[in-house]
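Below: the structure, in structure tokens.
Per chain, numbering begins at 1; letters A, B, ... match sequence-line order.
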There are 2 protein chains.
Amino acid sequence: MNEILSHSEENYLKEIFHLSEGTNQKVSTNALAERLNAKASSITDMLKKLAEKKLVSYIKYKGCELTDEGEKIAVQIIRKHRLWETFLVNKIEFGWEEVHDVAEQLEHIQSIKLIDGLDKFLGYPKFDPHGDPIPDKEGKISYRKSKIQLSETVINSLVEVVSVNEDSLSLLKYLDEIELNLGTELKILERYTFDESIKVKIVGGQELNLSKKVAENIGVRFISEI
Amino acid sequence: MNEILSHSEENYLKEIFHLSEGTNQKVSTNALAERLNAKASSITDMLKKLAEKKLVSYIKYKGCELTDEGEKIAVQIIRKHRLWETFLVNKIEFGWEEVHDVAEQLEHIQSIKLIDGLDKFLGYPKFDPHGDPIPDKEGKISYRKSKIQLSETVINSLVEVVSVNEDSLSLLKYLDEIELNLGTELKILERYTFDESIKVKIVGGQELNLSKKVAENIGVRFISEI
DNA sequence: CATAATTTTTAGGCTTGCCTAAAAATATTT
DNA sequence: AAATATTTTTAGGCAAGCCTAAAAATTATG
Ligand SMILES: [Mn+2]
Ligand SMILES: [Mn+2]
Ligand SMILES: [Mn+2]
Ligand SMILES: [Mn+2]
């Protein structure tokens with residue numbers, strides 16, 4: 001417990017957390033391999049090491065799962081990642097599509113005093129620039145309870161954009177272009193059954209069509225019927 | 001040129017710079033070994049690699065020296081180190097004795113946009129919390145021309161503290177205790193030949209004795225005769 | 001200047017975190 | 001339930017960055 005972990009080990013814990021978040025399934029070797037851009041054999045190697053350190057439970061051929069200790073560490077890394085992203089956007093004038101790669105580096109900086117100081121300096125933000133919740137010092141994550149995917153909304157409703165999937169650079173850039181940001185309000189006008197694309201009106205902005213794929217990667221909160 | 005360097009390689013370049021700063025001597029393997037807390041044989045290994053990459057010039061048994069390219073990189077790492085230290089003290093409420101270890105990690109973060117943004121955010125500071133000059137974007141270092149060691153001052157002069165050696169934690173803590181900071185003015189009252197300690201009066205504060213060793217690690221600027 | 005002391009390099013080895021290729025286990029089809 | 005396909009593990013290897021012990025070069029000393 002409380003041993004220093006390598007960047008690699010931290011990244012494994014974080015990705016295991018992300019892959020199992022929401023589900024209660026174990027994480028497969030191949031899924032990890034894809035997310036970490038490594039070969040399955042490398043994953044197996046590392047899982048053995050992390051199991052040895054009691055940070056994951058791992059049964060050959062059956063996938064892995066974080067232990068309580070492993071999850072605690074993973075959440076703190078995610079806390080750091082999201083606080084640094086918030087810092088970059090709020091203080092250093094980064095765009096939301098520019099922050100992730102730098103935060104991938106910053107999340108490994110080892111200093112509790114720094115991260116708690118940063119949290120205070122930023123005013124204890126609850127969400128990062130992509131709308132993802134920032135875990136608190138104790139590791140508590142306040143998920144937005146009423147969040148649904150834009151692709152799941154019913155027509156004739158008014159919704160507010162509360163999160164976007166940060167994984168795709170090109171999505172973030174596209175949303176910048178069409179001026180769809182966190183806080184933006186959308187009227188859901190139509191859904192086309194052929195490709196499940198939807199027509200929306202940005203309140204105070206243009207009307208436009210969004211593909212199913214785009215809509216699936218935007219999180220919204222229902223406001224009202226139109 | 002412009003290849004990505006490992007943390008280790010960056011640390012070697014930085015220490016070679018520090019060890020040769022001021023002097024025009026080559027840096028010896030043993031000197032590096034001591035500063036980097038590694039064995040001489042490890043240093044030899046790395047010098048071969050850095051020479052291969054044209055970042056140092058290295059002749060067996062004759063020590064090493066940074067190339068122009070190597071020096072450019074070293075200076076940028078020092079720029080990052082000192083900007084981060086300034087950030088920690090000015091924005092995150094760190095004490096000057098707490099910043100170095102964290103800055104050792106932060107100096108390896110790879111993002112020109114971040115470091116230039118940080119520089120702007122901090123208001124383009126010229127000196128770090130220990131009074132060391134912060135290289136600018138182009139690598140120019142504005143050394144304080146009139147700086148001398150407190151140990152070299154003449155009695156009956158009034159001086160201002162402009163820098164302290166950051167290498168010793170215990171020195172920094174001691175200076176905190178006696179309330180000797182950057183900007184503090186000192187009257188040089190006496191010098192005892194036996195141990196070369198000096199008696200000083202902190203303007204607006206107490207009178208006290210400083211050992212030669214302490215005085216050598218404090219940089220001051222002459223203001224006037226008393 | 002020859003011998004001793006010091007510094008530096010070489011030789012060989014270890015761990016971490018990857019890799020490829022082949023073998024073994026598991027899942028899917030027919 | 002075989003046969004086939006997919007997933008996962010094992011075996012063996014490689015580069016980075018460190019180590020110890022021994023050899024070689026340099027420097028200091030009588
Ligand atoms: Mn991110
Ligand atoms: Mn994010
Ligand atoms: Mn420092
Ligand atoms: Mn400093």
Side-chain angles (χ1 to χ4, degrees), chain A residues 2-17 19-20 23 25-66 70 73-74 77 104-105 107-108 110, chain B residues 2-17 19-20 23 25-66 70 73-74 77 104-105 107-108 110:
Chain A
N2 252 353
E3 195 192 346
I4 292 156
L5 300 178
S6 70
H7 289 197
S8 233
E9 290 171 318
E10 291 194 344
N11 285 335
Y12 273 75
L13 295 180
K14 189 181 55 160
E15 286 310 332
I16 295 168
F17 182 90
L19 285 170
S20 56
T23 81
Q25 311 247 333
K26 292 194 173 184
V27 173
S28 78
T29 301
N30 264 3
L32 265 174
E34 179 166 1
R35 291 277 300 186
L36 289 164
N37 292 310
K39 302 292 157 165
S41 53
S42 304
I43 307 300
T44 303
D45 284 352
M46 183 62 96
L47 289 180
K48 284 177 185 168
K49 249 193 305 186
L50 293 174
E52 189 61 43
K53 294 186 180 185
K54 309 259 192 246
L55 299 174
V56 311
S57 64
Y58 165 62
I59 304 167
K60 256 193 193 188
Y61 292 103
K62 299 298 181 189
C64 70
E65 208 171 12
L66 292 176
I73 295 170
I77 297 162
E104 286 289 307
Q105 301 177 61
E107 73 191 2
H108 301 294
Q110 225 69 56
Chain B
N2 252 352
E3 194 193 347
I4 291 157
L5 300 178
S6 69
H7 288 199
S8 233
E9 290 170 319
E10 291 194 344
N11 286 334
Y12 273 75
L13 295 180
K14 191 181 53 159
E15 286 308 335
I16 295 168
F17 182 90
L19 286 170
S20 55
T23 81
Q25 312 247 336
K26 293 194 172 183
V27 173
S28 77
T29 301
N30 263 2
L32 265 174
E34 181 167 359
R35 291 278 298 188
L36 289 164
N37 291 310
K39 301 293 157 165
S41 55
S42 304
I43 307 301
T44 303
D45 284 351
M46 183 61 98
L47 288 181
K48 285 178 185 169
K49 250 193 304 186
L50 294 174
E52 189 61 44
K53 294 187 180 184
K54 309 262 192 241
L55 299 174
V56 309
S57 64
Y58 165 62
I59 305 167
K60 256 195 195 184
Y61 292 103
K62 299 297 181 187
C64 70
E65 208 172 11
L66 292 176
I73 295 170
I77 297 162
E104 286 288 307
Q105 302 177 59
E107 73 191 4
H108 300 295
Q110 225 69 57

To the nearest Å, how far apart are A:Lys62 NZ and D:dT8 P?
-> 11 Å
Taking CD1 from A:Ile59 and P from C:dA25, how many angstroms apart are they, rounded to a whole number?
-> 16 Å
Proximity to the side chain of A:Lys60 - top-ranked nucleotide from C:dT8, C:dT26, D:dT10 = D:dT10
Output the single nucleotide from D:dA25, C:dT26, D:dG17 whose closest atom is nearest the side chain of A:Tyr61.
-> C:dT26
A:Asn37 CG - C:dC18 P separation (whole Å) = 11 Å
Compare side-chain N and O positions of B:Lys49 against OP1 and OP2 of D:dG17 and report whether any pair is under 4.0 Å apart.
-> yes
Starting at NZ of B:Lys26 and ending at P of C:dT8, how long is that distance when rounded to a whole Å?
-> 13 Å
OP1 or OP2 of D:dT9 under 4.0 Å from side-chain N/O of A:Thr29 = yes
Taking only the side-chain nitrogens and oxygens of B:Tyr12, find out if one of them lies under 4.0 Å from OP1 or OP2 of D:dA16.
-> no
Taking NZ from B:Lys39 and P from D:dT20, how many angstroms apart are they, rounded to a whole number?
-> 5 Å
Ion pair check, A:Glu104 and A:Lys14, cut-off under 4.0 Å | yes
Nearest listed nucleotide, side chain of B:Thr44, among C:dG17, C:dT26, C:dT8 | C:dT8
Which residue, B:Leu47 or A:Ser42, contacts DNA chain C at a nucleotide closer to its 5' end, judged by nearest heavy atom?
-> B:Leu47
Once you round it to whole Å, what is the distance between P of C:dT7 and CG of B:Asn30?
-> 6 Å
Looking only at D:dT9, D:dG17, C:dT8, the nucleotide nearest the A:Ala40 side chain is D:dT9
List the atom of A:Ala74, the atom of A:Leu13, and the distance in Å for their closest heavy-atom pair.
-> CB-O, 3.7 Å
What about A:Ser41: does its side chain form a donor-acceptor pair under 3.5 Å with the base of C:dT20?
-> yes
Got more than 12 heavy atoms from elsewhere within 6.0 Å of NZ, A:Lys26?
-> yes
Atom CD of A:Gln110: over 12 foreign heavy atoms under 6.0 Å = yes
Rounding to a whole Å, what distance do you find between B:His108:NE2 and D:dG17:P?
-> 12 Å
Rounded distance in Å - NE2 (A:His7) to C1' (C:dT16) | 14 Å
Aromatic plane relationship, A:His7 with B:His7 - under 30° parallel, 30 to 60° tilted, over 60° perpendicular = perpendicular
Between B:Lys48 and A:Asp45, who's closer to the 5' end of DNA chain C by nearest nucleotide?
-> B:Lys48
